[in-house]
There are 2 protein chains.
Amino acid sequence: MSTMQDVARRAGVSVSTVSYALSGARPVSAPTKARVEQAMSELGFRPNAFARGLASRRSRTIALIFPATEAGISGTVAEFVSSAAGTARSHGYHLVLWPFAAHEAEEIRDLVHQGMADGVLLMEVCLQDDRVEALHAAGVPFTMIGRTEHVEGLTFVDIDFDATVRQAVAHLVDLGHRRIGFLNHSATSHAAGYAPTLRAERAFGEAMRERGLEAHAVLCDENPAAGRRAMTELLERDPAMTAVLTMNEMATFGAAVELQARGLRVPADVSVLSIATSPGVGALSNPPLTTMHAPGSELGRLAVLSLIHLIEEPDGHPPEPSLLVCDLEPGGTTAPPP
Amino acid sequence: MSTMQDVARRAGVSVSTVSYALSGARPVSAPTKARVEQAMSELGFRPNAFARGLASRRSRTIALIFPATEAGISGTVAEFVSSAAGTARSHGYHLVLWPFAAHEAEEIRDLVHQGMADGVLLMEVCLQDDRVEALHAAGVPFTMIGRTEHVEGLTFVDIDFDATVRQAVAHLVDLGHRRIGFLNHSATSHAAGYAPTLRAERAFGEAMRERGLEAHAVLCDENPAAGRRAMTELLERDPAMTAVLTMNEMATFGAAVELQARGLRVPADVSVLSIATSPGVGALSNPPLTTMHAPGSELGRLAVLSLIHLIEEPDGHPPEPSLLVCDLEPGGTTAPPP
DNA sequence: TTGTAAGCGTTATCAG
DNA sequence: CTGATAACGCTTACAA
């Protein structure tokens with residue numbers, strides 16, 4: 001591996017000129033620059049990332065804190081990761097994945113202080129989140145994916161659960177439904193203060209109440225068997241229910257099975273609308289699910305852009321938060337009630 | 001942020017002693033070590049990763065090259081990533097994700113030469129793979145997830161497609177099936193020389209031929225609609241088919257729909273067995289799919305361990321390759337033929 | 001427009 | 001067992 005020394009020698013200039021030719025931080029005459037570039041390409045020069053990081057005190061790396069669960073990564077998260085990594089790279093950053101449990105805030109701060117990352121993307125944010133406090137207090141630049149209850153002075157990108165749920169309810173009500181159930185994420189996530197669970201629950205209650213409709217909502221673990229049970233519970237709460245809104249991919253399939261087992265046809269007897277859904281999931285059922293697709297890619301892109309802004313203009317005004325609505329992807333599981 | 005200088009001063013020792021107390025690379029007396037550790041914790045000292053990397057010429061980082069597609073990340077890959085990141089961390093390494101298209105071998109080599117990673121995990125390996133040649137030629141330590149046609153001198157972990165397909169065929173034949181179809185990955189992947197597609201095809205042909213059975217195999221894009229068409233094609237090739245082996249998650253659901261549409265019951269009329277399947281996917285259908293689960297977590301762990309071996313003992317004998325068989329997870333879609 | 005040189009915070013090689 | 005000190009390869013004032 002050749003160093004800047006080698007390049008400088010070969011181009012007949014000083015190391016600093018090579019450095020400036022590379023970074024553009026001060027003007028370099030065209031002919032000099034050409035000689036330097038020629039020397040660089042002849043030698044196959046690659047600036048050493050550590051030397052650069054040590055001298056500039058910047059790593060050009062962004063860390064994505066993702067929940068270290070055994071459950072794997074949902075399609076939406078995968079989209080997010082892929083898009084974030086691509087965006088980061090196109091802006092000269094690397095994206096590191098740090099698998100951390102929810103409570104390891106100090107570890108995160110330490111790694112940033114070691115210089116391993118210039119900033120952090122924080123996933124799976126809860127309404128009250130220790131990590132947010134810790135990172136904020138430590139002065140670490142970070143963007144939340146999701147958001148805490150109070151967001152003053154914080155940067156985030158998130159799904160607009162309020163608008164998404166409202167649109168979903170509107171879609172069903174427009175079709176003529178009046179008796180609608182909501183199948184949410186798990187009680188565990190609810191108890192942990194996981195923001196999407198709480199926000200969606202709240203939004204569903206409000207949207208229904210505003211229309212003078214009763215809101216039947218149940219929590220449900222993220223698997224099909226739990227989905228069957230939850231569907232049973234919903235039908236016990238209102239046997240005349242004609243539509244179910246779900247925000248729980250795995251459980252949705254179980255709910256469909258339960259409907260089928262009871263001789264209820266989808267969508268002729270009961271409509272199913274799945275919100276905040278990963279790409280491709282709708283196509284897995286027959287008829288294909290009507291879904292509202294979570295904007296994972298867009299969130300990834302926007303999260304990285306705002307974090308880079310935070311890193312590069314620490315004194316500029318903070319980036320605008322982004323709230324994205326899931327968009328309706330028509331499928332075959334919503335129809336007017338019988 | 002405090003530095004080793006600060007720690008040394010506070011403990012009344014030299015920087016080198018602090019360094020050795022930390023690394024254990026040379027003996028340090030117990031009392032000295034205690035003083036150093038005390039000073040470190042009092043100051044909240046975190047060794048700077050860049051200074052360390054620059055001086056030691058090691059990054060303690062592993063890069064995972066993953067295919068930059070829009071399709072997202074399958075459950076198996078997610079499992080792999082999560083497990084690899086965890087294993088890496090528990091051995092003092094970081095796991096970086098580098099999204100690269102299949103042809104960008106030079107970029108990968110450059111990044112490694114910049115010092116961004118000590119070694120590389122290469123996913124989605126093809127039978128003939130330029131990246132493998134390039135990395136090998138450049139002397140970059142790497143472990144393949146999957147393997148090329150020739151693997152002499154290379155390190156890999158992979159699914160044992162041969163044994164997995166054989167076990168799958170055996171399972172069906174033991175149930176009494178004689179007319180079995182195989183629904184493989186896409187023609188695109190086949191043309192690209194994607195190893196699992198080719199190996200599974202070959203293994204299926206051999207397993208059937210050995211039993212004197214006819215092997216009907218079709219390629220199929222990774223979506224349910226293509227799955228329906230592929231199922232149609234299989235039934236045209238052999239209308240009396242009683243079992244289908246699939247290695248294409250999305251398409252499997254389409255195939256099931258097509259069977260249903262033709263009035264064929266699963267498993268009473270036709271059995272379905274899905275191999276190399278992501279966790280949780282089986283539960284999405286009703287009855288739940290009988291699957292052979294891809295060992296994503298285990299592959300991630302083994303891949304990281306062998307790469308670390310390669311990095312840390314460059315002259316030791318190369319790590320044993322691992323070939324793992326997918327294990328059968330009984331579901332409700334295989335039964336004796338009618 | 002270019003060159004000089006002082007760091008950046010470790011590791012590792014000398015001595016002692 | 002411990003201490004000095006020269007790298008490591010780059011960035012960035014400060015000079016010219």
Side-chain angles (χ1 to χ4, degrees), chain A residues 1-37 39-40 43-61 92 110-118 312, chain B residues 1-37 39-40 43-61 92 94 110-118 311-312:
Chain A
M1 279 290 75
S2 52
T3 72
M4 265 193 183
Q5 283 284 1
D6 305 327
V7 175
R9 218 176 345 254
R10 182 162 196 126
V13 297
S14 72
V15 265
S16 56
T17 298
V18 176
S19 174
Y20 288 119
L22 201 62
S23 69
R26 88 180 183 191
V28 174
S29 74
T32 307
K33 189 164 184 177
R35 289 218 313 290
V36 169
E37 279 167 354
M40 292 202 298
L43 292 171
F45 168 75
R46 298 283 128 192
N48 180 288
F50 289 100
R52 174 177 282 187
L54 183 57
S56 66
R57 324 181 115 262
R58 302 245 287 98
S59 62
R60 300 204 71 85
T61 290
D110 285 351
L111 279 169
V112 173
H113 283 161
Q114 278 177 47
M116 288 301 298
D118 295 335
E312 298 187 347
Chain B
M1 280 288 77
S2 52
T3 73
M4 268 194 181
Q5 283 285 1
D6 304 329
V7 175
R9 215 173 349 250
R10 182 164 197 123
V13 298
S14 71
V15 262
S16 51
T17 298
V18 176
S19 174
Y20 288 116
L22 201 62
S23 69
R26 90 179 181 191
V28 173
S29 74
T32 307
K33 189 164 183 178
R35 287 218 314 289
V36 169
E37 279 168 355
M40 292 202 297
L43 291 171
F45 168 74
R46 299 283 127 192
N48 180 289
F50 289 99
R52 173 176 281 185
L54 182 58
S56 67
R57 323 176 113 263
R58 302 242 291 95
S59 62
R60 300 204 71 84
T61 290
H94 292 279
D110 287 351
L111 279 169
V112 173
H113 284 163
Q114 278 176 46
M116 289 302 298
D118 294 335
I311 291 168
E312 298 188 347

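Just so you know, these numbers come straight off a predicted model, no measurement behind them. All values below were derived from every heavy atom in this structure, side-chain atoms included, with hydrogens, water molecules and symmetry-related copies excluded. Here is the naming used below: chain letters follow the sequence lines, and residue numbers restart at 1 for every chain.
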Sugar-phosphate only, base, or nothing, as touched by Ser23(B) at under 4.0 Å among non-hydrogen atoms: nothing
Chain A footprint on DNA chain D, 5' to 3' - any atom under 4.0 Å from a heavy atom: dG9(D) to dC14(D)
Closest non-hydrogen atom pair between Arg60(A) and Asp118(A), with its separation: N-OD2, 2.7 Å
Sugar-phosphate, base or nothing in reach of Val18(A), heavy atoms under 4.0 Å: nothing
Touch class at under 4.0 angstrom, heavy-atom based, for Arg46(B) against every strand present: sugar-phosphate
Which atom of Ala21(A) lies closest to which atom of Val36(A), heavy atoms considered: CB-CG1, 3.9 Å
Verdict with reasoning, Arg10(B) to Leu43(B), per side chain to side chain contact (heavy atoms under 4.5 Å, CB included): CA-CA 9 Å; Arg10(B) 182 164 197 123; Leu43(B) 291 171; 3.7 Å; yes
Five-pair end axes of the helix from dT1(C)-dA16(D) to dG16(C)-dC1(D), angle between them (10°): 40°
Sugar-phosphate only, base, or nothing, as touched by Tyr20(B) at under 4.0 Å among non-hydrogen atoms: base
Range on DNA chain C touched by chain B - first to last nucleotide, heavy-atom distance under 4.0 Å: dG9(C) to dC14(C)
Touch class at under 4.0 angstrom, heavy-atom based, for Ser16(B) against every strand present: base
Ser19(A) side chain to Ser16(A) side chain, donor-acceptor N/O pair below 3.5 angstrom: no
Sugar-phosphate, base or nothing in reach of Ser29(A), heavy atoms under 4.0 Å: sugar-phosphate
For Ala117(A) against Val112(A), the heavy-atom pair lying closest together: O-CG1, 3.6 Å
Sugar-phosphate only, base, or nothing, as touched by Arg26(A) at under 4.0 Å among non-hydrogen atoms: base
